[in-house]
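To start, the structure under review is shown below, and the notes come after it.
Below, each value reflects all heavy atoms present in this structure, side chains not excepted, and no hydrogens, waters or symmetry copies. The chains referred to below are lettered A, B, ... by the order of the sequence lines, with proteins before strands, and numbering in each begins at 1. What you are looking at is a predicted structure, and each value in this text was computed from that prediction instead of being measured.
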There are 2 protein chains.
Amino acid sequence: MTRPSPRTDIAHEALKQAILERALQPGTKLPEDEIGAHFGMSRTLVRAVLAKLQSEGLVDARPKRTAIVAQPTLAEARDVFEVRRGLEAQAVDLVIKRWKPSFGAELEGLVREEDAARERHEEHVAGRLGGEFHIRLAKLSGNVLLERYMSELVTRCSLILAVYGSPHSHDHSGPNEHIEIIAALRAGDAAKAIGLMDAHMSVVERRAMHDTDPASVALGDVLARYAGAIAGRDGAIPLKQKRAK
Amino acid sequence: MTRPSPRTDIAHEALKQAILERALQPGTKLPEDEIGAHFGMSRTLVRAVLAKLQSEGLVDARPKRTAIVAQPTLAEARDVFEVRRGLEAQAVDLVIKRWKPSFGAELEGLVREEDAARERHEEHVAGRLGGEFHIRLAKLSGNVLLERYMSELVTRCSLILAVYGSPHSHDHSGPNEHIEIIAALRAGDAAKAIGLMDAHMSVVERRAMHDTDPASVALGDVLARYAGAIAGRDGAIPLKQKRAK
DNA sequence: ACGCTCAATCTCGTATGCATGAATGGATCG
DNA sequence: CGATCCATTCATGCATACGAGATTGAGCGT
């Protein structure tokens with residue numbers, strides 16, 4: 001699961017997780033210099049990372065201002081969930097068409113992992129696995145593009161839940177719904193599976209209520225923490241000096 | 001419709017059109033230097049443009065090789081059409097839910113434009129307008145994200161048709177099908193509209209047969225032509241020298 | 001005391017340079 | 001005569017430099 005580890009991927013992953021876990025609250029400024037300093041790379045690369053995060057809807061980078069963590073509006077949230085419902089339905093449909101017995105075990109494995117994480121009170125991990133379920137489902141559809149889109153949608157939904165959702169139920173009410181969906185898939189009951197999925201989405205979506213104000217965070221500390229967790233080391237990474245000839 | 005005109009948008013639009021019109025055949029190398037020279041910008045910006053085109057599936061830019069015009073595989077083509085069918089259905093559904101009388105006129109206007117272009121034998125323009133119909137439909141759904149996805153999908157479909165499709169029927173068999181879809185939308189008949197749309201997609205999709213080899217093209221000539229058409233001037237644009245203090 | 005203007009500073013936009021890795025053509029060997 | 005290996009050339013990866021726009025804080029005026 002872990003990437004090859006080009007520094008640029010580390011920075012991308014670190015920022016993504018930091019945003020999704022709300023360690024970097026919406027509205028937080030993300031200056032290219034500072035980020036580059038902490039990850040040991042130049043603004044050129046940071047810029048690429050921020051561009052990618054923007055295309056994923058996690059960062060808002062307007063023409064000549066400092067990029068900030070995205071603050072999804074309710075309208076955007078509605079759009080995201082709407083499209084996601086549609087693609088989830090399609091994913092379910094395709095998965096049933098191309099069903100193999102191994103699929104059930106694979107999905108159940110994920111649900112178990114999520115359960116385990118939740119029992120360990122690792123809410124963030126559990127939340128991530130909850131989203132992973134849907135991405136895996138899309139992957140099982142055999143459609144790479146669908147998987148990509150679903151991945152992006154799940155990410156955006158996570159941010160939306162982090163912003164508008166109730167503080168601690170990070171992504172899902174419980175994995176029970178996932179289990180039911182798996183059962184319907186296994187039975188080949190497309191209509192029921194889609195119905196369940198839709199209900200599931202409703203539950204997730206119906207947590208668009210609260211609101212919070214973007215407080216200032218110690219960007220440095222957060223980055224160091226996340227970069228460390230991912231790269232396996234901590235603290236700021238110094239820029240690689242000119243190597244000896 | 002025309003952009004504000006940052007050079008970077010011009011380059012992006014020019015390359016996009018050149019690729020979709022098959023003036024730059026799949027496999028054609030796209031060196032950053034050369035492109036930059038022709039659009040009067042540095043490799044830094046070209047790189048950003050190429051990255052965007054890659055994310056749109058029009059360019060293939062592998063780690064350390066020169067970027068090339070994308071060569072979609074049949075598997076990719078299948079994925080694209082599959083997802084597009086799903087989103088088209090959803091778009092139709094939403095448009096009917098939020099229908100306003102003005103929608104019909106708007107869509108019909110596009111169809112008429114397409115007809116006119118086709119009568120003038122401007123196949124490329126007609127093809128573009130044919131795709132535009134679907135993007136507009138998605139826009140009328142009121143879902144910005146859906147519009148974005150549809151836009152990307154239509155673009156990719158255009159490339160696929162350019163590669164695998166029959167030489168001259170550039171995007172659509174005819175606007176008749178569009179007219180029928182509009183009628184169903186106006187009648188609020190979601191099932192029929194979705195059925196028509198699906199049939200329409202089938203027709204478009206069923207043109208995955210031929211193949212062609214990537215011949216070498218005079219990149220310079222093509223770029224000059226397309227840059228001229230978009231920017232309103234022609235020829236290579238010299239890099240802006242250091243301006244006097 | 002409050003608001004406005006302007007200057008100092010913080011970032012971004014973009015070009016360019018240097019180093020490294022791929023592509024290519026020629027020379028050599030079988 | 002053909003294939004392979006190596007050197008040269010080309011194109012990219014990345015950092016850095018410089019100029020310009022945005023931000024903000026201080027000083028002035030009312």
Side-chain angles (χ1 to χ4, degrees), chain A residues 3-12 15 24 27-54 59-70 214 216 218-220 223 231 236-245, chain B residues 3-12 15 24 27-55 59-70 214 216-220 223 231 236-245:
Chain A
R3 291 295 188 123
S5 105
R7 283 93 51 225
T8 165
D9 285 351
I10 295 183
H12 177 263
L15 285 167
L24 292 176
T28 307
K29 287 203 291 186
L30 303 170
E32 296 172 359
D33 306 354
E34 195 171 353
I35 295 174
H38 274 278
F39 289 106
M41 55 200 212
S42 77
R43 284 177 47 222
T44 306
L45 294 193
V46 175
R47 172 170 279 275
V49 171
L50 289 176
K52 192 169 185 182
L53 287 169
Q54 180 178 31
V59 156
D60 194 6
R62 320 208 49 139
K64 197 118 189 189
R65 1 183 87 62
T66 304
I68 60 174
V69 176
S216 56
L219 176 57
L223 285 185
I237 306 165
L239 255 184
K240 175 176 52 184
Q241 304 298 344
K242 292 175 197 291
R243 77 196 65 184
K245 177 175 63 76
Chain B
R3 292 294 187 123
S5 109
R7 284 101 41 233
T8 166
D9 285 352
I10 295 182
H12 177 263
L15 284 167
L24 292 176
T28 307
K29 288 203 291 186
L30 302 170
E32 297 173 359
D33 307 352
E34 195 172 352
I35 295 173
H38 274 277
F39 289 107
M41 56 202 211
S42 78
R43 286 177 43 223
T44 306
L45 295 190
V46 174
R47 174 168 279 275
V49 170
L50 289 176
K52 191 168 187 184
L53 288 169
Q54 180 177 31
S55 83
V59 155
D60 194 7
R62 320 205 50 136
K64 196 123 191 184
R65 359 181 88 62
T66 305
I68 61 173
V69 176
S216 55
V217 200
L219 178 56
L223 287 184
I237 306 164
L239 257 184
K240 174 175 54 184
Q241 303 299 343
K242 293 177 197 290
R243 75 195 65 184
K245 181 176 62 78

task: Rounded off to whole Å, could you give me the NZ-to-P distance for the B:Lys29 and D:dT9 pair?
output: 17 Å
- prompt: Picking from D:dT16, C:dG21, D:dG21, which would you name as closest to the side chain of B:Lys64?
  reply: C:dG21
query: Checking all strands, does B:Thr66 fall into the base, sugar-phosphate, or nothing category for heavy-atom contacts under 4.0 angstrom?
result: sugar-phosphate
- prompt: For the pair made of CZ in B:Arg62 and P in C:dG21, what is the distance, rounded to whole Å?
  reply: 18 Å
- line: Shortest non-hydrogen pair, B:Arg43 vs B:Asp33, comes out as CD-OD1, 2.9 Å
query: Considering only side-chain heavy atoms of A:Arg43, which listed nucleotide, D:dA17, D:dA11, D:dG21, is closest?
result: D:dA17
- prompt: In whole angstroms, how far is the P atom of D:dA15 from the CG atom of A:Asp33?
  reply: 13 Å
query: Among D:dA11, C:dA15, C:dC12, which is the nearest nucleotide to the side chain of A:Glu32?
result: C:dC12
query: Taking the side chain as C-beta and beyond, is there a heavy-atom pair between B:Thr44 and A:Thr44 under 4.5 Å?
result: no
- prompt: Looking at side-chain heavy atoms only, is the closest gap between A:Leu45 and A:Val49 below 4.5 Å?
  reply: no
task: May I ask you to verify if any side-chain N or O of B:Arg7 is less than 4.0 angstrom from the OP1 or OP2 atom of C:dT14?
output: yes
- prompt: Do the side chains of B:Val59 and B:Leu15 get nearer than 4.5 Å, heavy atoms only?
  reply: no
- prompt: Mapping A:Arg65 and A:Thr44 to their closest nucleotides on DNA chain D, which lands nearer the 5' end?
  reply: A:Thr44
- line: From CZ of A:Phe39 across to P of D:dA15 the rounded distance in Å is 14 Å
task: Would you mind reading off the distance between B:Leu50 atom CG and D:dT12 atom P, rounded to a whole angstrom?
output: 8 Å
field: Residue B:Ser42, side-chain atoms from C-beta onward, closest of C:dC12, D:dC14, C:dA15
entry: C:dA15
- prompt: A:Ile68 has an atom CD1; how far is it from atom C1' of C:dC12, in whole Å?
  reply: 15 Å
